[in-house]
Amino acid sequence: MQSLRKLMNKPRPDDWAPLAKFYYADETLNDIASELDSFDGRRDPERCNGLVNKLRVAQDRVLHIIGEMLVILYPRESDRACRDFRVKFPDDIVHDTLPGQLWFGAECLAAGSNIIDHEAESDHIRPLAKELTRHLDHLRDLLKDQSLRDPSAYTATIKDSLLKFDKLFADFEYQYVSAMVPVKSVKEHDSQLDVAVLFSEVLHRAIAKNLITQDQIDYCDPSVMIAIPRLGIVWGLLYYPDGALNVEGPQENLSEMFRPFYSLLIKIRNLLQILSQNELIKVEHVLCKGESNAPEVHTGALTMSDYRANEESKKRSGWIGKPSSSNLKDILSSLSAEVVAESPSPSGEASEESSDENVEDEESVDDEEEEDSCSEQDEPLEGFPPDPKNLRQRFRSSDDLVHRLFVCIAGVADQLQTNYSSEVRKVLKMILQPSEVIPVYEVSAQMAVGPEGEEETGIEVQESLPLPAFIGVRWVPDEDCEQCTACSLPFTVVRRRHHCRNCGRIFCHRCSSHSICIPELGYDRKVRVCNLCYLHRVNPFGCVGSSTPDANPATAPPTSS
């Protein structure tokens, strides 16, 4: 009697209602589970592993359809179970197959198994796993029965059961993942957001100072990912001392990424505060462009010919090196005496007095120039004391100080890229990757009426495939479309209608001449798609809007509708 009821009332394969899709997904799951229980896995381990993988994929599909029902019935996120805790998970944990893995783990825990090396955690979450699997079996029965009655309606019992399942599954997800991998605390998550804010400010400041160009960001230049953490250390210590790199407070207040470098960051901060404005600019350019590309503050080096010419001139003049202030007076006195001897003067005393005055004037001018050059070079940044710890005396020159800062800052930033690659990648993704814009085509239509061909009806969806929450597209009915959606040519006996399997709209043969595989919609083989969907799938980051509908129609052979 039950088999006859299924035969008479089962939904059509091309019905995209969630309950109709659930019926076939649940049937596939039951068939795989029955086959897995029917033979001894020790005799054929390869087949057993293959069936286990199919089972997990089928579980994924069932859970995705249940999630789609929840979104349809409760479109506001506040009405569903809160899953904000996912931001504290590592990036490689949250993926499309996570629901299936959680269901599989819940069944293993309910059967008495333990998570490897986590026996205490397994005993703690086992009661929740048993309640979840028991309620999920009850929910599947309710949904299966309703799909045979009316796939377009949801009873109050089903709605309450869906909400309860959503809450149980969210609680189990957090506890199970927390037992498997380390999860960030609230404080650590806030610290990571502070780092994201710092890097965002650094990016805007670097663009304004022309250290990073917009073209480098648009073309995903790898040097941007290297420069932002480096500049973040410099500017975070100098200009945003109360932010993510606040080294004045305890070490625990820093993010986990910067915590191992607490002492080194303090030393870097102290060195940065004694830099002059020119030296800071040189450090910024060195960190962004590389040490060899840093702007030279001093004059260029002498060539060998210049060096020899200078040496010969020094030998002729009797100078062994640069005259110091102590013997400068004697040298000038001797030079002035020679000049006085050659030129006539009214009295010798006046000549001697004038030579002494010239020597004193020359010495004072030299001292003033030396003081001005030192003050210009050693003047610290605005708002910082002038080297209170005499740190400059530890370095031979300004270039030595800049080089030491480059090594320390680049070392810390490169260690972040190596030891905390996922954390740095997540922060950079927040500030560099724009929100992906995917064209959405909304059509008010009913279920497509057409021939019962396998490709047309989309019967491939019965295969156990991991599909996202929003799956399936409704085809525009033939009677609602009298002309091609792309070129607007009217349909005739010769110019037939063709549905795009990706967006569901109707096109002529010329505007839907491409064919691709769409596994997430159940099409493992190549099926017909319109030119716009083809271009978007082949090159999702390209400029799709500028392409004409009939652009390069010969790239793929036409398929029959």
Side-chain angles (χ1 to χ4, degrees), residues 10-11 13-39 41 44-71 83 86 89 91-111 113 115 129 132-133 135-137 139-141 143-144 147 162 165-166 169-170 172-173 176-177 180 454-455 457-473 501-502 516-527 537:
K10 70 177 182 179
D14 60 347
D15 190 351
W16 289 101
L19 280 172
K21 293 185 293 185
F22 176 83
Y23 173 83
Y24 291 103
D26 192 71
E27 284 288 302
T28 302
L29 177 59
N30 291 332
D31 293 342
I32 297 174
S34 300
E35 184 179 359
L36 189 60
D37 295 336
S38 63
F39 77 101
D44 195 352
E46 293 184 2
R47 183 187 175 192
C48 180
N49 292 333
L51 287 175
V52 169
N53 292 332
K54 286 185 177 181
L55 179 69
R56 296 175 67 174
V57 170
Q59 289 176 332
D60 264 327
R61 173 147 171 75
V62 169
L63 291 176
H64 279 304
I65 296 175
I66 293 176
E68 184 180 356
M69 296 179 189
L70 282 164
V71 173
R83 286 181 169 80
R86 284 186 174 180
F89 292 170
D91 285 343
D92 53 350
I93 293 297
V94 181
H95 46 74
D96 289 340
T97 61
L98 177 61
Q101 294 180 2
L102 294 174
W103 188 0
F104 189 80
E107 289 184 336
C108 293
L109 288 172
S113 301
I115 303 175
L132 173 62
T133 54
H135 183 76
L136 183 55
D137 292 339
L139 177 61
R140 290 172 60 190
D141 293 337
L143 296 176
K144 192 76 168 290
S147 65
L162 283 171
F165 164 75
D166 190 34
F169 200 75
F172 179 77
E173 177 181 350
Y176 186 80
V177 174
M180 296 288 291
E454 180 178 322
E455 184 180 296
T457 58
I459 197 157
E460 295 93 336
V461 181
Q462 295 184 35
E463 299 294 334
S464 54
L465 294 171
L467 305 184
F470 297 98
I471 57 176
V473 291
R501 274 58 170 179
N502 187 60
I516 57 175
C517 299
I518 315 177
E520 63 270 23
L521 296 182
Y523 297 108
D524 288 332
R525 298 173 296 173
K526 289 187 176 182
V527 291
R537 286 198 169 258

Please walk me through it: do Asp26 and Leu143 pass side-chain contact (heavy atoms from CB on, under 4.5 Å)?
CA-CA 10 Å; Asp26 192 71; Leu143 296 176; over 6 Å; no
Can you find a pair of side-chain heavy atoms, one from [X] and one from [Y], that are under 4.5 Å apart?
X      : Y      : answer
Leu63  : Glu68  : no
Asp60  : Trp103 : no
Val57  : Ile32  : no
Arg61  : Leu29  : no
Cys48  : Leu36  : yes
Leu98  : Glu173 : yes
Ile66  : Phe169 : no
Arg140 : Asn30  : yes

Please round to the nearest 0.5 Å and tell me the distance separating atom [atom1] of [X] and atom [atom2] of [Y].
X      : Y      : atom1 : atom2 : answer
Asn49  : Lys54  : CG    : NZ    : 13.0 Å
Phe104 : Glu107 : CZ    : CD    : 7.5 Å
Ile65  : Tyr24  : CD1   : OH    : 12.0 Å

Qualifying residues under side chain to side chain donor-acceptor pair (under 3.5 Å), relative to [X], sequence neighbours excluded:
X      : result
Gln101 : none
Arg56  : none
Asp31  : none

Specify the closest pair of heavy atoms between [X] and [Y], including all atoms of both residues, with the distance to one decimal.
X      : Y      : value
Gln59  : Gly100 : OE1-O, 3.7 Å
Ser147 : Pro11  : O-CD, 3.9 Å
Leu19  : Met69  : CD2-CE, 3.7 Å

I'd like to know whether Leu51 forms a side-chain contact (heavy atoms from CB on, under 4.5 Å) with Leu55, so could you lay out the CA-CA distance, the side-chain angles of the two residues, the decisive distance to 0.1 Å, and finally the verdict.
CA-CA 6 Å; Leu51 287 175; Leu55 179 69; over 6 Å; no
By salt bridge (Lys or Arg N to Asp or Glu O under 4.0 Å), Asp166 pairs with (sequence neighbours left out) Arg83
Partner set under side chain to side chain contact (heavy atoms under 4.5 Å, CB included) for Ala106, not counting sequence neighbours:
Ala129, Leu132, Thr133, Phe172
